[in-house]
Visitor: 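There's a structure below that I have some questions on.
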Amino acid sequence: MSLTDKADVSTFVDLTQHEIEALKTRFNLADAHTHQRQSASQEQIVSRLPELWHESESKQQAHFERLFVDAFFRLHQQPTARAMDRTLLSYSASVSTMVAGMFLKQRGMSVQLVEPCFDNLVDLLRNMQVPLGPVDESVLHDKDSIYERLVEAVHADAIYLVDPNNPTGFTLLAEKLEGFREVVRYCVDHDKVLVMDFCFASFALCDEGIGRVDIYKLLEESGVTYMVMEDTGKTWPIQDAKCAMITASRDIQEEVYNLHTSVLLNVSPFVLNMVTQYIEDSIEDGFASVRDIIKTNGDAARAALDGTILEFQEPVVGTSVAWFRIKPEHLTATQLQAVLFDEEVYVLPGTFFYWNAKEKGERFVRLALAREPEVFAGAMERMRKVLERYAA
């Protein structure tokens, strides 16, 4: 990339625009999509793609939907959701989020969304003209005070949380259901709709100390009104073929279904068939193909950037992104990102994650880890050399 070709990133209005530009950059550490190569067992799936294609032509759509939902909830250890048969499928998490936003708009509801979070959630809700405010993630950090903190902090009709959160890796589920149960109890007592984004939940499965518990059992037994989004898009290296899901509580299921059918008919049966093979592969290998590469690159990032101006922020759940605090107060994320971009390393500034208080985000940058390790190691080498300029 020549200097004359460089985009003026200061004009970008959201993180996705940064990610689009990063796709043209040698060391793209921006988007959290999967860019690593196939594992040995995944290569076997690729070799079977013609077979999967023809199989998808020969059987009904409902067959592949059933297989996909069954496999997904088996992997995620959600037997209640697996048995409910209320999960609606879409092409992407953004579509599922749009449906949730349409529901809130149709009901005339306001919502408070966790901050920080990935800003396309903000944009989708704003574009749906849903009244929007923040709820700071710190409100959720102490399970013993969650209920009282929510009483103080929440004034909207709905709460929208991301778990594990992107970019921080925080989860309510570190101590099984204790923290999450307090959120649900608050929503029931105060008649709030609970919206949950579990799109990074696969990484909790990679962490033996966290894992997953039956979320939907608690949701169903509590009587809370809820919408839950899940996704496959950040987990397997399948060229952005994916499927997202939205599952709603019984009291609003028909309303959500009617909104969903106004958006799309179905997800490609071939995509469902293929993604199901990757899910079954991860069940078979205990998520090794996903876990190992995230651990390798996460360790490489910590080692390479240790002792620099960046301080790694320890997550509760190690997801496919790493969150770093910029130590020098005079240096902002916007400035550092521009310097790294000049050296063909593209990271995301924290500004857009702190969508309601961008000045807070100037203290952070985010790196994506789902990359081929050799490429990632080269990015770390280049990045450390840039950061050494600030050693004094």
Visitor: Within a 6.0 Å radius of atom NZ on Lys176, are there more than 12 heavy atoms belonging to other residues, nucleotides or ligands?
Guide: yes
Visitor: Are any non-hydrogen side-chain atoms of Val183 and Leu150 less than 4.5 angstrom apart?
Guide: yes
Visitor: Would you compute the distance between atom CZ of Phe103 and atom CE of Met227 and round it to the nearest 0.5 angstrom?
Guide: 5.0 Å
Visitor: Taking side chain to side chain contact (heavy atoms under 4.5 Å, CB included) as the definition, give me every residue that meets it alongside Gln17, ordered by chain and number, with sequence neighbours left out.
Guide: Phe12, Val13, Asp14
Visitor: Please determine whether the number of non-hydrogen atoms from other residues, nucleotides or ligands lying under 6.0 Å from atom OH of Tyr257 exceeds 12.
Guide: no
Visitor: Got His18 and Val9 here, is their nearest side-chain heavy-atom distance under 4.5 Å?
Guide: yes
Visitor: Do Val347 and Ile20 belong together in a cluster built from hydrophobic side chains that touch within less than 4.5 Å?
Guide: no
Visitor: Hydrophobic clusters here meaning ILVMFWY residues chained together by side-chain heavy-atom distances under 4.5 Å, can you tell me if Phe118 and Leu369 are in one?
Guide: no
Visitor: Are the aromatic rings of Trp323 and Phe353 close, with centres under 6.0 Å apart?
Guide: yes
Visitor: Determine, stepwise, if the pair Tyr216 / Glu221 fulfils side-chain hydrogen bond (donor to acceptor under 3.5 Å, both in side chains).
Guide: CA-CA 8 Å; Tyr216 293 89; Glu221 291 178 349; over 6 Å; no
Visitor: Would Val69 and Val228 show up in the same hydrophobic cluster when neighbours are defined by side-chain heavy atoms closer than 4.5 Å?
Guide: yes
Visitor: Got a sec: does the NZ of Lys143 have more than 12 other heavy atoms crowding it under 6.0 Å?
Guide: yes
Visitor: In terms of the angle between their ring planes, are Phe287 and Trp236 parallel, tilted or perpendicular, with boundaries placed at 30° and 60°?
Guide: parallel
Visitor: Would Arg82 and Asp70 count as a salt bridge (charged side-chain N to carboxylate O under 4.0 Å, His left out) if you check the C-alpha gap in whole Å, the side-chain angles of each, and the deciding distance to 0.1 Å?
Guide: CA-CA 6 Å; Arg82 186 179 169 201; Asp70 176 78; 2.6 Å; yes
Visitor: What distance separates Asp281 CG from Tyr278 OH, expressed to the nearest 0.5 Å?
Guide: 8.0 Å
Visitor: Quick one about Asn273 and Glu55 (side-chain donor to acceptor, distance below 3.5 Å, no hydrogens or angles considered), yes or no?
Guide: yes
Visitor: So with a 6.0 Å cut-off around CD of Glu57, is the heavy-atom count from everything else above 12?
Guide: yes
Visitor: Is any side-chain heavy atom of Gln38 less than 4.5 Å from a side-chain heavy atom of Gln44?
Guide: no
Visitor: Mind checking whether Tyr160 and Thr97 have side chains closer than 4.5 Å, heavy atoms only?
Guide: yes
Visitor: Quick one: CZ on Phe27 to CZ on Phe341, what's the gap to the nearest 0.5 Å?
Guide: 14.0 Å
Visitor: For a 4.5 angstrom cut-off between non-hydrogen side-chain atoms, does Asp142 reach Glu182?
Guide: no
Visitor: Any chance CD of Gln239 has more than 12 other-residue heavy atoms, nucleotides or ligands included, within less than 6.0 Å?
Guide: no
Visitor: Over 60° means perpendicular and under 30° means parallel, so tell me whether Phe200 and Phe203 are parallel, tilted or perpendicular.
Guide: tilted
Visitor: Are side-chain heavy atoms of Met383 and Leu340 found at a separation under 4.5 Å?
Guide: yes
Visitor: Could you pull out the closest heavy-atom pair between Gly350 and Ala333, with the gap in Å?
Guide: N-CB, 3.9 Å
Visitor: What is the ring orientation for Tyr147 with His190, classed by angle as parallel under 30°, tilted 30 to 60°, or perpendicular over 60°?
Guide: tilted
Visitor: Who pairs with Gln335 by side chain to side chain contact (heavy atoms under 4.5 Å, CB included), at least two apart in sequence or on another chain?
Guide: Leu331, Thr332
Visitor: Can you confirm whether more than 12 heavy atoms, excluding those of Arg48, are under 6.0 Å from its CZ atom?
Guide: yes
Visitor: Under the side-chain hydrogen bond (donor to acceptor under 3.5 Å, both in side chains) rule, what do Gln42 and Ser289 come out as? Steps first, then yes or no, please.
Guide: CA-CA 9 Å; Gln42 290 168 346; Ser289 66; 3.2 Å; yes
Visitor: Check whether more than 12 heavy atoms from other residues, nucleotides or ligands sit under 6.0 Å from atom CG of Asp8, and answer yes or no.
Guide: yes
Visitor: Any ion pair linking Arg384 and Glu388 (charged N to carboxylate O, less than 4.0 Å)?
Guide: yes
Visitor: Should Leu104 and Met128 count as side-chain neighbours, where that means a heavy-atom distance under 4.5 Å?
Guide: no
Visitor: Would you say the side-chain atoms of Asn356 and Glu115 include a donor-acceptor pair closer than 3.5 Å?
Guide: no
Visitor: Take Val95 and Val263 through the test side-chain contact (heavy atoms from CB on, under 4.5 Å) and record every step on the way to the result.
Guide: CA-CA 8 Å; Val95 174; Val263 176; 3.7 Å; yes
Visitor: Report yes if some heavy atom in the side chain of Ser202 is under 4.5 Å from a heavy atom in the side chain of Val290; otherwise report no.
Guide: no
Visitor: Do Arg212 and Phe198 form a cation-pi contact, if we require the NZ or CZ to be under 6.0 Å from the six-membered ring centre and within 45 degrees of the ring's axis?
Guide: yes
Visitor: Determine, stepwise, if the pair Asn120 / Thr16 fulfils side-chain hydrogen bond (donor to acceptor under 3.5 Å, both in side chains).
Guide: CA-CA 7 Å; Asn120 79 315; Thr16 301; 5.6 Å; no
Visitor: Between atom CG of Leu89 and atom CE of Met245, what is the distance when rounded to the nearest 0.5 Å?
Guide: 7.0 Å
Visitor: Please check if Val99 and Val193 belong to a single hydrophobic cluster, counting links between Ile, Leu, Val, Met, Phe, Trp and Tyr side chain heavy atoms closer than 4.5 Å.
Guide: yes
Visitor: With a 6.0 Å cut-off (strictly less than), is the heavy-atom count around CD of Glu254, excluding the residue itself, greater than 12?
Guide: no
Visitor: Taking atom OG1 of Thr247 and atom CE of Met84, what is their separation to the nearest 0.5 Å?
Guide: 5.5 Å
Visitor: Test Tyr186 against every option in Lys192, Glu148, Arg181 by the side-chain contact (heavy atoms from CB on, under 4.5 Å) rule and name the one that passes.
Guide: Lys192
Visitor: Working to the nearest 0.5 Å, report the span between CG of Asp144 and CZ of Arg149.
Guide: 12.5 Å
